[in-house]
Amino acid sequence: MTFENDWHPETKLVHGGTSRSQFGETSEAMYLTQGFVYETAEAAEARFKGDEDGYVYSRYGNPTVSMFQERMCLLEGAEDARATASGMAAVTAAIGCQVEHGDHIVAAHALFGSCRWVVEKLMPKYGVECTLVDGKNLNAWKAAVKPNTKVFFLESPTNPTLELVDIKAVADLAHENGAKLVVDNVFATPLYQHPLKLGADIVVYSATKHIDGQGRCLGGIILADKEWINENLHDYYRHTGPSLSPFNAWTLLKGLETLSVRVDRQTDTAEKIATALNGQKKVSKMIYPGLDSHAQFDLAQRQMRRGSTLLAFELAGGKQEAFEFINKLEVVSISNNLGDAKSLITHPATTTHKNLAKDERISVGITDGLVRLSVGLEAADDLIEDIDRALG
Ligand SMILES: *Cc1c(COP(=O)(O)O)cnc(C)c1O
């Protein structure tokens with residue numbers, strides 16, 4: 001259905017990829033099945049050979065999972081995709097499927113904790129070395145390239161300090177050196193940043209975050225062109241088994257239907273909170289890509305549509321003041337998750353990033369006073385009042 005490509009994102013989110021059964025159901029059908037049956041032995045043979053289209057086993061593919069993949073492809077402008085059981089399954093497969101012993105990865109050092117573990121700790125066990133660089137510094141990327149560099153990996157905005165990486169510039173550099181660029185686009189969401197259009201080769205998401213957006217299930221997805229998927233991911237995905245469950249795919253399809261309404265509203269509120277707190281006495285630093293006080297505001301304007309739903313700020317009083325503030329919040333809950341309908345706050349230094357050595361942690365901007373706020377769907381005024389009161 002080529003006309004689907006011409007729809008606006010909101011329409012793609014509601015209708016994209018829907019494949020109705022013979023019953024004509026309104027809502028997408030949930031195919032909770034492991035396997036599929038064949039009319040004849042010949043039909044089974046043809047399907048295994050690839051001469052006939054159709055499903056063979058839900059580890060390889062499933063109709064509900066396919067609907068989720070197609071909807072995401074439309075949204076992202078990608079040719080093909082594979083959905084995974086979690087965001088980390090997506091990251092690990094997207095990187096692991098394209099490297100082999102002797103290859104080299106360059107990654108930005110400000111990464112989601114588990115992503116950093118995959119490139120820094122897991123990959124070297126298989127003989128794949130990794131160099132971590134300051135993602136903001138293009139010269140650092142250049143200097144890190146080696147003849148065996150196969151993959152560049154980054155997230156932008158970064159977790160939790162909301163720094164940006166110039167995706168187009170890094171993509172160009174990757175291509176000049178025969179490497180592929182993988183972008184983890186969770187923070188920007190599929191609505192506000194399109195890494196493939198900026199030159200990235202592969203985009204990954206934790207669908208656990210805004211795509212579900214209601215705190216229910218884990219999921220992930222890898223999107224790229226058909227050729228890359230066929231040559232790199234297709235067999236890896238089938239045989240290592242990171243596949244998404246059809247139940248979770250269905251939940252994520254329902255999440256996508258409301259994605260733009262939720263993310264736009266959450267972003268409106270994030271902007272209001274960022275503006276209200278910018279310059280507040282106890283807040284020594286406010287980081288929000290949608291504010292012109294952001295150190296990379298020009299880049300944000302160029303590669304993101306809006307600042308998105310997360311903000312980070314530093315309390316002048318360090319860990320003690322950060323803890324006191326967090327403990328006093330009544331509407332905002334303490335949780336390391338993000339992208340939820342409920343506003344969630346976390347203290348990265350003692351939770352998500354506690355495994356970083358202190359000097360490394362400080363060098364990526366995760367100070368003792370830094371908190372990260374994921375803005376939910378509550379009334380902006382209630383959130384601002386809650387935060388003001390907790391700041392006391
Ligand atoms: C949450 C997250 C992940 C991991 O996703 P899971 O679904 O929790 O496995 C990866 N990258 C980023 C940027 C994330 O926020």
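Quick note: residue numbers are just sequence positions, from 1.
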**Prompt:** Got a donor-acceptor contact below 3.5 angstrom from the R361 side chain to the I366 backbone?
**Reply:** yes
**Prompt:** Is it true that a side-chain atom of Y57 and a backbone atom of F36 form a donor plus acceptor pair closer than 3.5 Å?
**Reply:** no
**Prompt:** Should the heavy atoms of other residues, nucleotides or ligands under 6.0 Å from CZ of R265 be counted, would the total exceed 12?
**Reply:** no
**Exceeds 12 heavy-atom contacts within 6.0 angstrom, atom CD of E10** = yes
**Message:** Check K282 with E324, please: is the shortest side-chain N to carboxylate O separation under 4.0 Å?
**Reply:** no
**Prompt:** Is it true that the side chains of T158 and E163 contain a donor and an acceptor less than 3.5 Å apart?
**Reply:** no
**Request:** Report yes or no: is the cationic atom of K209 (NZ for Lys, CZ for Arg) closer than 6.0 Å to the six-membered ring centre of F112, at no more than 45° off its axis?
**Result:** yes
**Whether W250 side chain and E28 backbone form a donor-acceptor pair below 3.5 Å** = yes
**L111 vs V119 side-chain heavy atoms within contact, under 4.5 Å** = yes
**Asked** At what distance, to the nearest 0.5 angstrom, does OG of S343 lie from CG of L377?
**Response** 8.0 Å
**Request:** Evaluate side-chain contact (heavy atoms from CB on, under 4.5 Å) for K150 paired with H104, printing each intermediate quantity in order.
**Result:** CA-CA 6 Å; K150 267 290 222 8; H104 175 242; over 6 Å; no
**Request:** Given side chain to side chain donor-acceptor pair (under 3.5 Å), test T189 with Q193 step by step and report yes or no.
**Result:** CA-CA 7 Å; T189 84; Q193 179 169 274; over 6 Å; no
**Any side-chain donor near an acceptor of the partner, K342 and S335, under 3.5 Å** = no
**Request:** Check whether more than 12 heavy atoms from other residues, nucleotides or ligands sit under 6.0 Å from atom NE2 of H15, and answer yes or no.
**Result:** no
**Request:** Locate the shortest heavy-atom distance separating V186 from S206; write the atom from each residue and the value.
**Result:** CG2-N, 3.2 Å
**Asked** Is a donor on one side and an acceptor on the other found under 3.5 Å between the side chain of R71 and the backbone of L253?
**Response** yes
**Prompt:** Between the side chain of Y60 and the main-chain N/O of H234, is any donor-acceptor distance below 3.5 Å?
**Reply:** no
**Request:** Looking only at non-hydrogen atoms, find the nearest pair between Q214 and G255 and report the distance.
**Result:** NE2-CA, 4.2 Å
**Item:** Donor on one side chain, acceptor on other, Y55 and S66, under 3.5 Å
**Value:** yes
**Prompt:** Considering residues, nucleotides and ligands other than D381, do more than 12 of their heavy atoms fall under 6.0 Å from its CG?
**Reply:** no
**Item:** Salt bridge present between D212 and R262 (N-O < 4.0 angstrom)
**Value:** no
**Prompt:** Looking at Q266 and G376, what are the two nearest heavy atoms and their distance?
**Reply:** CG-O, 3.2 Å
**Asked** Less than 4.5 Å apart, any side-chain heavy atom of P289 and any of F297?
**Response** no
**Request:** Supply the atom-to-atom distance Y205 OH to D184 CG, rounded to the nearest 0.5 angstrom.
**Result:** 9.0 Å
**Asked** Which atom pair, heavy atoms only, marks the closest approach of D368 to H347?
**Response** O-NE2, 2.7 Å
**Message:** Donor-acceptor check, side chain of Q296 to backbone of L164, threshold 3.5 angstrom: yes or no?
**Reply:** yes
**Request:** Kindly check if the number of other-residue, nucleotide or ligand heavy atoms within 6.0 Å of NE2 (H8) is above 12?
**Result:** no
**Asked** Do any N or O atoms from the side chain of H194 and from the backbone of P190 form a donor-acceptor pair under 3.5 angstrom?
**Response** yes
**Request:** Using a strict 4.0 Å threshold on nitrogen-to-oxygen distance, state whether E360 and R116 make a salt bridge.
**Result:** yes
**Side chains of V151 and D103 in contact at under 4.5 Å (non-hydrogen atoms)** = no
**Item:** Side-chain H-bond candidate by donor/acceptor type, T267 with E271, under 3.5 Å
**Value:** no
**Item:** Residue pair D172, K168: steps toward the salt bridge (Lys or Arg N to Asp or Glu O under 4.0 Å) verdict
**Value:** CA-CA 6 Å; D172 289 346; K168 184 168 183 317; 3.2 Å; yes
**Message:** Test side chain to side chain donor-acceptor pair (under 3.5 Å) on H175 and D201; report intermediate values, then the result.
**Reply:** CA-CA 9 Å; H175 299 154; D201 301 283; 2.7 Å; yes
**Message:** Using side-chain contact (heavy atoms from CB on, under 4.5 Å), reason through I211 and L256 one step at a time and then give a plain yes or no.
**Reply:** CA-CA 6 Å; I211 293 173; L256 285 177; 3.6 Å; yes
**Request:** Check T351, T352, N336 against T346 for a side chain to side chain donor-acceptor pair (under 3.5 Å) and give me the one that passes.
**Result:** T351
**Message:** What I want to check is whether the side chains of D264 and Y192 have a donor and an acceptor closer together than 3.5 Å.
**Reply:** yes
**Request:** Show your reasoning for whether side-chain contact (heavy atoms from CB on, under 4.5 Å) applies to L223 and M72.
**Result:** CA-CA 8 Å; L223 303 114; M72 285 298 298; 4.0 Å; yes
**Separation between CG of L162 and CZ of F313, rounded to the nearest 0.5 Å** = 11.5 Å
**Prompt:** Hey, mind stepping through K180 and Q98 against side-chain contact (heavy atoms from CB on, under 4.5 Å) and telling me if it holds?
**Reply:** CA-CA 9 Å; K180 297 285 187 193; Q98 57 175 327; 3.6 Å; yes
**Complete:** Rounding to 0.5 Å, atoms CE (M123) and CD (E129) come to a distance of 13.5 Å
**Request:** Give a yes-or-no answer on whether the side chains of S58 and Q34 include a donor-acceptor pair shorter than 3.5 Å.
**Result:** no
**Request:** May I ask you to decide if L74's main-chain N or O and K12's side chain share a donor-acceptor pair within less than 3.5 Å?
**Result:** yes
**Message:** Any heavy-atom pair between the side chains of S21 and Y31 that's under 4.5 Å?
**Reply:** yes
**Item:** Sub-4.5 Å side-chain heavy-atom contact between L311 and I287
**Value:** no
**Prompt:** For K354, does the NZ atom have more than 12 heavy-atom neighbours from other residues, nucleotides or ligands under 6.0 Å away?
**Reply:** no
**Request:** Considering non-hydrogen atoms only, spot the tightest contact between E257 and K254 and give its length.
**Result:** OE2-NZ, 3.0 Å
**Asked** Does CG belonging to D53 count more than 12 external heavy atoms closer than 6.0 Å?
**Response** no
**Message:** A side-chain contact here means heavy atoms from C-beta on lying under 4.5 Å apart; do E76 and N185 qualify?
**Reply:** yes
**Request:** May I ask you to decide if A179's main-chain N or O and N177's side chain share a donor-acceptor pair within less than 3.5 Å?
**Result:** no
**Message:** Just so I know, are the side chains of P246 and T33 near enough to count as touching, which here means a heavy-atom distance under 4.5 Å?
**Reply:** no
**Asked** Any idea which heavy atoms bring H101 and V128 closest together, and the distance?
**Response** N-CG2, 4.4 Å
**Message:** I need the N337 CG to T208 OG1 distance, nearest 0.5 Å.
**Reply:** 7.5 Å
**Asked** What do the steps show when you test K226 against E79 for salt bridge (Lys or Arg N to Asp or Glu O under 4.0 Å), and what is the final call?
**Response** CA-CA 6 Å; K226 271 197 163 49; E79 286 177 10; 5.7 Å; no
**Prompt:** Do any N or O atoms from the side chain of T40 and from the backbone of A43 form a donor-acceptor pair under 3.5 angstrom?
**Reply:** yes
**Prompt:** Is there a side-chain contact between V332 and D386 (heavy atoms, below 4.5 Å)?
**Reply:** yes
**Asked** Going from CZ on R82 to OH on Y236, what distance comes out if it is rounded to the nearest 0.5 angstrom?
**Response** 14.0 Å
**Asked** Any side-chain donor paired with an acceptor under 3.5 Å for R372 and N159?
**Response** yes
